[in-house]
Asks: 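Have a look at the structure that comes next, please.
Count residues from 1 along the sequence.
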Amino acid sequence: MKNVILMFAMVTLAVTNSYAQTVSLVTDNREKLLFGLKVGTNLSNVYDTQGENFVADSKFGLAAGGFVSIPIGTYFGIQPEVLFSQKGYKSSGMFLGSSYSMTRTTDYLDIPILVALKPIENLTMLFGPQYSYLLKQKDDFTGGSLTTTQEQIYTNDNIRKNTFGFTGGADLNVVHLVIGLRAGWDVQNNNGDGTSTTPRYKNMWYQATIGYRF
């Protein structure tokens, strides 16, 4: 994961420097209402809250959506986002003397509501709660000569039924270009009837995106 972050940071610096050289005037947009679109990738996994011997490998997935930057003065703001976000994990092992592998892909609608700290015009630090709605789950299983795929689509009209989590990171802003890094994790499941539960297996993910703000 460190190598992925380092590579992304190097590419980010190269793209930013190249882009900045083509712009003769940089405008401070911290007090402007801005809309944007972005696309990138998640590197996700799950962890066992009971700490037992559960081992899974990370997998990449798509992250794409939009955001609104709402200023509250020069140095503070609120940034709600709506994202299509793929998470999941890979696992492998032995079962009844045969090796197996399984990849789970979960499609979510993520809605983070982030507090934005803007110490300088080119940097925004973000942190806040996120509400995730499960749209689809797909399991690809291979074991011996058996290969199967199971897919389930979810419909949820109750906005109180969601997974509550936290996410945070930073955006690098160069005129219209926005390069973002995030990390996030699940906290609890809200059941829609006023109760909540702590899932045994929770998502955690790193996210890298590039976007354009208007």
Asks: Is there a side-chain contact between Asp110 and Lys87 in this structure, where contact means two heavy atoms from C-beta onward sitting under 4.5 Å apart?
Replies: yes
Asks: Can you name the closest pair of heavy atoms from Ala170 and Leu123 and give their distance?
Replies: CB-CD1, 4.2 Å
Asks: With no hydrogens and no angle check, just 3.5 Å: does a side-chain donor-acceptor pair link Ser196 and Asn190?
Replies: no
Asks: With no hydrogens and no angle check, is any side-chain donor or acceptor of Thr49 less than 3.5 Å from a backbone partner on Arg200?
Replies: yes
Asks: Under a 4.5 Å cut-off applied to non-hydrogen side-chain atoms, are Ile70 and Pro80 in contact?
Replies: yes
Asks: Checking Asn29 against Asn173 for the side-chain contact (heavy atoms from CB on, under 4.5 Å) test, could you report, in this order, the C-alpha distance in whole Å, the side-chain angles of both residues, the deciding distance, and whether it holds?
Replies: CA-CA 9 Å; Asn29 293 313; Asn173 312 301; over 6 Å; no
Asks: Does the side chain of Ser85 pick up a donor-acceptor pair with the side chain of Asn42 at under 3.5 Å?
Replies: yes
Asks: Going by the angle between their ring planes, with limits at 30° and 60°, are Phe141 and Tyr100 parallel, tilted or perpendicular?
Replies: parallel
Asks: Do Gln152 and Gln150 have side-chain atoms, one donor and one acceptor, less than 3.5 Å apart?
Replies: no
Asks: How close do Leu181 and Ala208 get, counting heavy atoms only, and between which atoms?
Replies: CD2-CB, 3.9 Å
Asks: Check whether Met102 and Leu146 end up in the same hydrophobic cluster, where Ile, Leu, Val, Met, Phe, Trp and Tyr are linked by side-chain heavy atoms less than 4.5 Å apart.
Replies: yes
Asks: Can you give me the closest heavy-atom contact between Tyr206 and Ala183, atom names plus distance?
Replies: CD2-CB, 4.0 Å
Asks: Let's go through Thr105 and Asp107 carefully: what are the C-alpha distance in whole Å and the side-chain angles of both, what is the deciding distance for side-chain contact (heavy atoms from CB on, under 4.5 Å) to 0.1 Å, and is it a yes or a no?
Replies: CA-CA 7 Å; Thr105 302; Asp107 295 349; 3.9 Å; yes
Asks: Measure the spacing between OG1 of Thr124 and CZ of Phe76 and express it to the nearest 0.5 Å.
Replies: 12.5 Å
Asks: Hey, does Leu62 have a side-chain heavy atom less than 4.5 Å from the side chain of Val39?
Replies: yes
Asks: With the 4.5 Å side-chain cut-off for hydrophobic clustering, are Ile111 and Phe164 part of the same group?
Replies: yes
Asks: Can you confirm whether Leu117 is buried at CG, in the sense that more than 12 heavy atoms of other residues, nucleotides or ligands lie under 6.0 Å from that atom?
Replies: yes
Asks: Can a salt bridge be assigned to the pair Arg213 and Asp171 using a cut-off of 4.0 Å between side-chain N and carboxylate O?
Replies: no
Asks: Closest approach of Thr103 and Lys90, non-hydrogen atoms and distance?
Replies: OG1-CG, 3.6 Å
Asks: Do Thr198 and Gln188 have side-chain atoms, one donor and one acceptor, less than 3.5 Å apart?
Replies: no
Asks: Just wondering, more than 12 heavy atoms not from Tyr75 lying within 6.0 Å of its OH?
Replies: no
Asks: Using side-chain heavy atoms (C-beta onward) and a distance below 4.5 Å, is Gln207 in contact with Leu83?
Replies: yes
Asks: Walk me through whether Trp185 and Lys202 qualify under side-chain contact (heavy atoms from CB on, under 4.5 Å).
Replies: CA-CA 7 Å; Trp185 61 96; Lys202 296 183 179 182; over 6 Å; no
Asks: Could you check whether Phe214 and Tyr212 have their ring centres less than 6.0 Å apart?
Replies: yes
Asks: Evaluate whether atom NZ of Lys59 has more than 12 neighbouring non-hydrogen atoms of other residues, nucleotides or ligands under 6.0 angstrom away.
Replies: yes
Asks: Decide side chain to side chain donor-acceptor pair (under 3.5 Å) for Glu31 and Thr74; before the verdict, give the C-alpha distance in whole Å, the side-chain angles of both, and the deciding distance to 0.1 Å.
Replies: CA-CA 5 Å; Glu31 294 189 21; Thr74 301; 2.2 Å; yes
Asks: Please say yes or no: joined through hydrophobic side-chain contacts below 4.5 Å, possibly via intermediate residues, are Met204 and Leu134 part of one cluster?
Replies: no
Asks: Could you go through Gln79 and Leu126, starting from their C-alpha distance and side-chain angles, then the distance that decides it, and tell me whether this counts as side-chain contact (heavy atoms from CB on, under 4.5 Å)?
Replies: CA-CA 8 Å; Gln79 183 165 305; Leu126 301 138; 3.9 Å; yes
Asks: Calculate, to the nearest 0.5 Å, the distance between atoms OH and OG belonging to Tyr108 and Ser44 respectively.
Replies: 9.5 Å
Asks: Are the side chain of Asn158 and the backbone of Arg160 linked by a donor-acceptor contact shorter than 3.5 Å?
Replies: yes
Asks: Rounded at 0.5 Å granularity, tell me how far OH in Tyr133 sits from CD1 in Ile159.
Replies: 5.5 Å
Asks: Would you name the heavy atoms of Leu114 and Gly128 that are closest together and state the gap between them?
Replies: CD2-N, 3.6 Å
Asks: Any side-chain heavy atom of Gln130 sitting closer than 4.5 Å to one from Arg182?
Replies: no
Asks: Please round to the nearest 0.5 Å and tell me the distance separating atom CG of Leu172 and atom CD1 of Ile210.
Replies: 10.0 Å
Asks: So if you build clusters from Ile, Leu, Val, Met, Phe, Trp, Tyr with side-chain heavy-atom gaps below 4.5 Å, do Phe84 and Leu109 land together?
Replies: yes
Asks: Roughly how far apart are Asp186 CG and Asn203 CG, rounded to 0.5 Å?
Replies: 4.5 Å
Asks: For the residue pair Trp205 and Leu43, establish whether any side-chain heavy-atom pair is separated by less than 4.5 Å.
Replies: no
Asks: Which heavy atom in Val178 sits nearest to a heavy atom in Phe67, and how many Å separate them?
Replies: CG2-CZ, 4.3 Å
Asks: I need the Ile120 CD1 to Arg30 CZ distance, nearest 0.5 Å.
Replies: 8.0 Å
Asks: Does Val187 share a hydrophobic cluster with Tyr131, counting links as ILVMFWY side-chain heavy atoms below 4.5 Å and allowing steps through other members?
Replies: yes
Asks: Quick check on Phe166: does its CZ atom have over 12 non-hydrogen neighbours (other residues, nucleotides or ligands) under 6.0 Å away?
Replies: yes
